[in-house]
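Below you'll find the structure, written out as structure tokens, and then a few comments.
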Amino acid sequence: MEYNFKEIEEKWQKIWQEKKIFTAEVKSDKPKYYLLEMFPYPSGKIHMGHVRNYTIADVAARYRLMRGFNVLHPMGFDAFGQPAENAAIKNRTRPDIWTHKCIDWMKIELKKMGFSYDWEREVSTCDSSYYKWNQWIFLKMLERGIAYKKASNVNWCPVCETTLANEEVVDGGCWRCYAKVEQKELEQWFLKTTEYKERLLEDLSQLKEWPQRVIAMQTNWLGKSQGVEIYFKLKKDNKTIPVFTTRVDTIFGATYIVLAPEHPLLKSNIKYQISNINEVFDYIEKAQNKTKLERTEKDKTGVEAKGIKAINPVNNEEVPIWIADYVLMEYGTGAIMAVPAHDQRDFLFAKEHSLPMKVVIQPSAVSHQLSANELKEAYEGDGAQINSGEFNGLPNQEAKTKIAEWMEKKGIGKIQEHWRLRDWLISRQRYWGTPIPIIYCQKCGIVPVPFENLPVELPKDAPFTGEGGSPLGKVKEFVNVNCPKCNSPARRETDTMATFFDSSWYFLRFCSARFENGPFDKEKAKYWMPVDQYIGGIEHAILHLLYARFFTKFFKDLGMVSFDEPFCRLLTQGMVLKDGEVMSKSRGNIVDPDSIIKNYGADTLRVFVLFAAPPETELEWDDRGIEGAFRFLNRVWRIKDNLKEKTDGSLAKVMHKTVKKVTEDIENFKFNTAIAALMEFVNAIYQSGADREVFSSLVIMLGPIAPHFSEELWETLGNKESVCKARWPKYDPAFLIEENVTMVVQVNGKIRSKIDVPAGRCEDRLKEIVLSDTALKPWIQGKPFKKFIVVPDKLINIVV
RNA sequence: GGGCAAGUGGUGGAAUGGCAUACACGCAGGACUUAAAAUCCUGUGGCCGUAAGGCUGUGAGGGUUCGACUCCCUCCUUGCCCACCA
């Protein structure tokens, strides 16, 4: 009988569903294993990235199930977001209808891949039974002062007509549509992620099984830096300008200071002292009209604020004050001390505007003293202090601490740390998201929607014209409400939450997906959490993972969970490439998983995706590789018709070796070499023929990798239960012991001979054997042994 | 500019101090077939050699070691992340 993948796959998918093979047990004595993949946005079709991510996870889930774990392997949909709105505008449909249709299509495709999901726990973030709890969490955050509203300059995407979080601005453009991001002053809702910055940084050290680079990226994003805030006084005024520096050792070389164009000093009364005020204001206006990207252009423009001077507090020298847009208001204090001799940006600026330089660090490698006039670029390295008063001669790293302490004592500076992390802006001027549960009342101000009135449901039929801002603002029945406090007419908040809010806690919802008395059942979460293994794309290394960690810490503060970190192990799978490029619609190099399933079956696709590369590295798509995977399965299929009565000893040995290798490889997510070992096993079977026992072990080990295929073979072997319930084969170490071994004989590190000896031979016996080896004679004859190195049962190296 | 990965046959990759290139793709040859496909078997880094065999070989150069794809240093290249971050 031929391998009829189509029939087999449909048959087993049906049986799995009917027998509820993958439903997690509610009460169980087994150890728990929570395996989670990053849930998809329901675009309607799965792509190769999904196939890869979910196949990797599925092998792990099925393997744990076969090893006797109580496995939680859920799936859901990150269903809010802009594409649904765009589709609504384009196709004159409703976002909810469109989204649910997409979810249905997507589920069909996921089921076709044979993934072992517990569909009874499915969640969609766009259902009010889910987003009700978004609103609940938001109100809890409001109670605790973690959610707050403020007016600020925010990133604004003119194309999407919405605000963006800092994390969503990529190269000065919108992460979604790449439009240039503008700055706009708006009243918006924020979450105080900065309140958790220390814990977000410190707890990274708990994440021992996360990829190093994700830890590095998060650390980088949090951006903690140690430095000193230095107070420069104005000459004619006792106003101070604080500046922040990480290089306080260069303070004696500060020859001017620079303010960001948005600096508050320029809005204060001081401006009347500036003699060239028109020029200054001109510059400020120009700078404000620039986008972030334009401001990072290399030429350093700027203007001096004439008529005012500042005093360098360490030497009381008078320094000019400049305004330049290379200084950013968002970072530090919005003002810097400029040390052109030791900072390249300041150097370029000083050259451009003919400002003085002063060398205060002397590199030890240079014999003559550096001079300001000769510098071709700033010297940013280490060295000894010069021109630095009482600190002259000290190594600059040491001076850094000394100067900081000295300044603190004198009250002219303060040791401080600065962070790159900003609070998280969550307001979006969009329709298809969770309504922010707030009511604005003329009398009472900002009034939270009472808990018992949740959810604030999203009206289903908003007008989608694509023009004039959020459709939600146009739905009168939604906007106009009575104030919950005083009952007078009031307005609802019409902004919705950023969708990253939804995905920041879904892993907790899966623990008790239908729970109605809170976002999740504490007891269930206690049992299942934290997630044992999380799998997803590297593109979420910062945003999603940071937000999810932040939410977890917030839940801990609420007493709802008792752990600090939500994900024990993280695996970031590599991308799927075609011809060396990422598969994408715009490049037109998409391979549709559905067509592969049609022509070769899901099991072949799974084998290929697992075999072609280790999970973390990029995977180059190869049509011929698919053929190879298909050929392998057929090769296994044919074994069943030629089973022998009894296997000989050498094959038994191969079997035990294979079981050991495959087990270890699957545990360590090395599926490519696990499959290679199975292929070798199959090659050995073709050489000497297998009996039922040997073949059964092969079928079981293929279970997590090619599940439908293995089920069918398992059934042909006369088994009544699913292969998922089969006992994972054990290897007997006795079979792995070799009686005779081949040892490599090297002379001076080069292989000159091989000898077959009984295992465990001692050094003296080996020496005798080697001396009588004719193949070695030309290399060792007449030369005294300097060393005789033996790696037991493996290798001999003779040094002559 | 800073940080983190990675660099191995014609290709995807294996080996993490001990036989470099497992496994697969491709290619070549053979068997089966009237023939083709499928299948099965054999070979396959480079150079020299009829062969036995020798030399050489993991981005480049140096170091540690009896022994280095693997560890250390310098450099080059590619990818990713961050970035006028003070």
Side-chain angles (χ1 to χ4, degrees), chain A residues 170-171 211-221 223 225 227-228 230 243-248 250 254 257-258 260 292 295-300 324-328 330-339 343-346 348-349 380 418-420 538-539 541-542 572 574-575 577 580 607-608 611-614 616-629 631-632 634-635 638 661 670 672-683 686-687 742-751 753-754 775 778 785-792 794-800:
Chain A
V170 181
D171 288 335
Q212 262 311 303
R213 63 173 180 150
V214 176
I215 302 277
M217 280 158 77
Q218 295 232 341
T219 308
N220 208 326
W221 189 262
S225 63
V228 179
I230 303 170
V243 304
F244 177 72
T245 181
T246 54
R247 288 294 306 271
V248 73
T250 64
I257 65 173
V258 190
K292 252 192 181 161
R295 276 178 71 158
T296 63
E297 276 162 9
K298 50 225 164 285
D299 19 315
K300 306 242 175 302
D325 62 9
Y326 80 91
V327 175
L328 308 172
E330 308 94 83
Y331 189 80
T333 60
I336 61 156
M337 64 173 202
V339 188
D343 180 288
Q344 186 60 18
R345 290 156 305 171
D346 297 343
L348 291 174
F349 190 80
E380 295 181 332
H418 268 268
W419 295 73
R420 221 184 69 90
I538 187 73
E539 68 272 19
I542 299 172
T572 50
M575 293 202 260
L577 311 180
V607 169
F608 169 72
F611 179 63
E616 304 85 351
T617 53
E618 291 172 334
L619 183 148
E620 177 68 35
W621 182 264
D622 181 4
D623 289 325
R624 287 185 298 222
I626 277 285
E627 293 276 356
R631 216 176 292 165
F632 168 65
N634 277 290
R635 208 165 139 83
R638 283 189 293 270
K661 173 79 177 149
K670 290 163 75 176
N672 54 333
T673 48
I675 292 172
L678 290 170
M679 284 172 170
E680 282 183 81
F681 188 25
V682 169
N683 291 343
Y686 267 75
Q687 292 296 319
T742 302
M743 291 183 74
V744 173
V745 186
Q746 298 181 331
V747 179
N748 290 341
K750 290 203 175 192
I751 298 150
S753 180
K754 288 180 187 184
F785 286 14
K786 274 194 198 153
K787 269 187 184 171
F788 192 79
I789 293 149
V790 176
V791 182
K794 266 192 178 167
L795 174 141
I796 299 162
N797 190 14
I798 307 161
V799 186
V800 293

**OP:** Using both distances under 3.5 Å as the test, list the Watson-Crick or G-U wobble partner of B/C32, or none.
**Re:**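 Matched B/C32 with nothing under the 3.5 Å cut-off.
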
Original post:
In Watson-Crick or G-U wobble terms, both distances under 3.5 Å, what is the partner of B/A51?
Top reply: none

Subject >> For A/Phe349, side chain to side chain contact (heavy atoms under 4.5 Å, CB included) partners two or more places apart >> reply: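 Side chain to side chain contact (heavy atoms under 4.5 Å, CB included) list for A/Phe349, sorted by chain: A/Tyr256, A/Lys300, A/Trp322, A/Ala324, A/Tyr326, A/His353, A/Leu355.
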
Could you check whether [X] gets within reach of a base, just the sugar-phosphate, or nothing at all, counting any heavy atom under 4.0 Å?
X	answer
A/Tyr686	sugar-phosphate
A/Gln212	nothing
A/Arg420	base
A/Leu328	base
A/Val744	base

Original post:
If only side-chain N and O atoms of A/Gln687 are considered, is one of them under 4.0 Å from the OP1 or OP2 phosphate oxygen of B/C40?
Top reply: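 No, outside the criterion.
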
Original post:
How many angstroms lie between atom CD of A/Glu620 and atom CG of A/Leu577, to the nearest 0.5 angstrom?
Top reply: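 Interatomic distance, A/Glu620 CD to A/Leu577 CG, rounded to 0.5 Å: 5.5 Å.
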
Original post:
Taking the side chain of A/Ala676 as heavy atoms from C-beta outward, which of B/A83, B/A22, B/A86 is closest to it?
Top reply: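 Given the options B/A83, B/A22, B/A86, the side chain of A/Ala676 is closest to B/A22.
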
Subject >> Nearest listed nucleotide, side chain of A/Ile789, among B/A24, B/C66, B/U39 >> reply: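 The nucleotide sitting nearest to the side chain is B/C66.
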
Original post:
Can you check whether A/Glu380's main-chain N or O pairs, donor with acceptor, with A/Arg247's side chain at less than 3.5 Å?
Top reply: yes

Subject >> P atoms of B/G18 and B/A68, separation to the nearest Å >> reply: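 Looking at atom P only, B/G18 and B/A68 are 11 Å apart.
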
Original post:
Considering only the C1' atoms, how many Å lie between B/U78 and B/G59, rounded to the nearest integer?
Top reply: 11 Å

**OP:** Report yes or no: is the cationic atom of A/Arg635 (NZ for Lys, CZ for Arg) under 6.0 Å from the centre of the six-membered ring of A/Tyr686, at an angle within 45° of the ring normal?
**Re:**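 Judged by the rule (NZ or CZ under 6.0 Å from the ring centre, within 45° of its axis), A/Arg635 counts as positioned above A/Tyr686.
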
Original post:
Do the side chain of A/Lys754 and the base of B/C19 come within less than 3.5 angstrom through a donor-acceptor pair of N or O atoms?
Top reply: yes

